Amino acid sequence: MVYIYSKKDTSFQKVPEEVNAGWEVWQKNNCQTCHQLYGLGGYMGPDLTNMSSDPHKGPKYMRVFIKYGTNKMPDFHLNDTEVNQVLAFLKWVDQSGQNRVKAESVHWTGTYIIQ
Ligand code: HEC
């Protein structure tokens with residue numbers, strides 16, 4: 001079981017079972033080699049950090065790519081349970097942070113301004 005430290009509640013919280021399983025699907029299939037989370041990872045495919053809440057994309061759109069692949073992304077032959085798990089993981093990632101640093105958080109010298 002994975003726990004994550006919550007800065008907001010200053011406590012450790014259990015990561016939901018489905019999210020944890022989705023993280024394992026993500027790891028096993030090396031999604032990170034082509035996709036970034038929080039801006040880190042491979043650059044063949046797009047950053048997926050905030051795609052779940054993107055009004056033009058979201059889970060329904062993402063499901064098609066994950067389930068069938070495209071001519072650029074492999075089909076991993078995941079079953080429906082695994083697809084749901086990886087979508088739950090990506091939704092959880094979305095709620096945990098941003099893929100971009102906000103413009104107002106960047107100092108003119110290029111350093112990060114802690115608000
Ligand atoms: C070999 C590189 C590669 C791997 C590995 C890979 N992807 Fe992709 N993925 C891509 C590319 C390239 C695209 C863009 C597809 C296109 O436009 O045809 C994409 C698109 C997507 C999209 C839709 C995003 C968008 O708007 O285009 C999702 C969601 C996604 N991948 C999830 C995953 C997940 C989950 C895994 C692991 C199970 C994974 N990918 C593994 C290369 C990869």
Side-chain angles (χ1 to χ4, degrees):
M1 185 44 67
V2 177
Y3 287 82
I4 187 164
Y5 185 69
S6 163
K7 231 174 150 183
K8 206 169 80 194
D9 307 322
T10 60
S11 65
F12 284 92
Q13 300 192 342
K14 213 159 79 172
V15 172
E17 203 71 61
E18 196 182 25
V19 170
N20 195 35
W23 173 73
E24 278 170 18
V25 174
W26 177 267
Q27 292 281 83
K28 224 188 290 166
N29 294 283
N30 295 317
C31 311
Q32 195 88 26
T33 54
C34 297
H35 293 282
Q36 312 101 65
L37 292 181
Y38 313 113
L40 298 172
Y43 286 90
M44 200 178 153
D47 188 307
L48 301 178
T49 316
N50 303 124
M51 198 165 277
S52 299
S53 62
D54 183 331
H56 303 293
K57 299 201 166 170
K60 270 196 192 149
Y61 167 96
M62 292 159 77
R63 176 181 298 275
V64 180
F65 284 82
I66 297 170
K67 198 155 168 50
Y68 303 106
T70 70
N71 57 354
K72 293 188 216 145
M73 170 168 153
D75 177 358
F76 294 93
H77 304 287
L78 300 178
N79 62 38
D80 286 337
T81 309
E82 292 167 318
V83 174
N84 288 337
Q85 289 166 338
V86 83
L87 283 170
F89 167 68
L90 289 170
K91 185 174 173 207
W92 178 82
V93 167
D94 189 3
Q95 289 160 353
S96 71
Q98 298 288 318
N99 62 354
R100 273 174 235 275
V101 176
K102 284 187 238 122
E104 61 268 27
S105 298
V106 181
H107 190 253
W108 65 269
T109 56
T111 53
Y112 184 69
I113 305 165
I114 297 168
Q115 312 277 350

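Numbers here simply count residues along the sequence, with the first being 1. Everything numeric here is computed off the predicted structure, so don't read it as measured data.
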Task: Nearest-0.5 Å distance that lies between atom CG in Asn30 and atom CZ in Phe76 - done: 7.5 Å

- [ ] Please examine the side chains of Cys34 and Met73, heavy atoms only from C-beta on, and report whether any two atoms are closer than 4.5 Å.
- [x] no

TODO: Would you check if Leu78 and Asn29 make a side-chain contact, meaning some heavy-atom pair closer than 4.5 Å?
DONE: yes

Open item on the list: So which atom in Trp92 and which in Val15 form the shortest heavy-atom distance, rounded to 0.1 Å?
Closed with: CZ2-CG2, 4.0 Å

Open item on the list: Quick check against the 3.5 Å criterion: does Glu18 have a side-chain atom that pairs as donor or acceptor with the backbone of Phe89?
Closed with: no

Open item on the list: Checking the side chain of His35 only, and the main-chain atoms of Asp47 only, is there a donor and an acceptor separated by less than 3.5 Å?
Closed with: no

- [ ] Enter the distance from Lys67:NZ to Leu87:CG here, rounded to the nearest 0.5 Å.
- [x] 11.0 Å

Pairs under 3.5 angstrom only: tabulate donor-acceptor contacts from the side chains of residues 56-63 to other protein residues two or more places apart or in another chain.
unit_1	atom_1	unit_2	atom_2	d
Arg63	NH1	Asn84	OD1	3.0
Arg63	NH2	Asn84	OD1	2.8

Task: Nearest-0.5 Å distance, CG of residue Leu48 to CH2 of residue Trp26 - done: 5.0 Å

TODO: Check Met51 against Pro46 and note the closest heavy-atom contact, atom names and distance.
DONE: CE-CG, 4.2 Å

Open item on the list: Using modelled atom types and a 3.5 Å cut-off, is there a donor and acceptor pairing between side-chain atoms of Gln98 and backbone atoms of Asn50?
Closed with: no

TODO: Report the residues that fulfil side chain to side chain contact (heavy atoms under 4.5 Å, CB included) with Asn79, sequence neighbours left out, ordered by chain and then residue number.
DONE: Thr81, Glu82

Open item on the list: Just verifying a value: how many Å separate Leu37 CG and Cys31 SG, rounded to the nearest 0.5 Å?
Closed with: 9.0 Å

Task: Distance (rounded to the nearest 0.5 Å) between Gln85 CD and Asp80 CG - done: 11.0 Å

Open item on the list: Looking at Tyr38, is its backbone amide N or carbonyl O close enough to the side chain of Thr49 to form a donor-acceptor pair, meaning the two atoms are under 3.5 Å apart?
Closed with: yes

